[in-house]
Asker: 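Here's a structure for you.
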Amino acid sequence: MNLIISIITWLFYPVYLIQGLWLRANGERTFPAEGVVEGSIEGKTPFINLLVVGDSSADSVGIANRADGLATQLARKLNEKTGRAVQYT
């Protein structure tokens, strides 16, 4: 069964190639949001260090302002739930 799937995958390689080239030529490019990448929220000590690592969602791609991005939203929720200060990057 695995051999059949491998053969089918290789037979469709030209289709994958054409789709990829078409998308690269016609796809809309999105860029990271404007604003500061790191920040802090005041609260009780000891503070929480938050490091957000990832792909485009971690880099706030496709939104207007980093204040609406993943790192800032996570930091706000941590602050709301714990009452502690949060430093995020």
Asker: In Å, rounded to the nearest 0.5 Å, how long is the span from CD1 of Ile48 to CG of Asn79?
Answerer: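 It comes to 8.0 Å.
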
Asker: May I ask you to decide if Ile41's main-chain N or O and Gln87's side chain share a donor-acceptor pair within less than 3.5 Å?
Answerer: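 Side chain of Gln87 to backbone of Ile41: no pair is present.
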
Asker: For residues 10-38, which side-chain donor-acceptor pairs fall under 3.5 Å, sequence neighbours excluded?
Answerer:
residue, atom, partner, partner atom, Å
Asn26, ND2, Trp22, O, 3.2

Asker: Taking the side chain from Thr9 and the backbone from Ile5, do they hold a donor-acceptor pair closer than 3.5 Å?
Answerer: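 Yes; at least one donor-acceptor contact below 3.5 Å.
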
Asker: Which residue pairs satisfy the salt bridge (Lys or Arg N to Asp or Glu O under 4.0 Å) criterion with at least one member in residues 80-89, sequence neighbours excluded?
Answerer: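 Every salt bridge (Lys or Arg N to Asp or Glu O under 4.0 Å) pair that includes a residue of residues 80-89, provided the two are not neighbours, is Lys77-Glu80.
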
Asker: Which donor-acceptor pairs under 3.5 Å do the side chains of residues 50-61 make with protein atoms, sequence neighbours left out?
Answerer:
residue, atom, partner, partner atom, Å
Asp55, OD1, Ser57, N, 3.3
Asp55, OD1, Ser57, OG, 3.0
Asp59, OD1, Arg66, NH1, 3.4

Asker: To the nearest 0.5 Å, tell me how far Leu78 CG sits from Asn49 CG.
Answerer: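 If I round to the nearest 0.5 Å, the distance is 11.0 Å.
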
Asker: I'd like to know if Leu70 and Tyr88 are part of one continuous hydrophobic network [Ile/Leu/Val/Met/Phe/Trp/Tyr, side-chain heavy atoms within less than 4.5 Å].
Answerer: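 Yes; Leu70 is reachable from Tyr88 via cluster members.
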
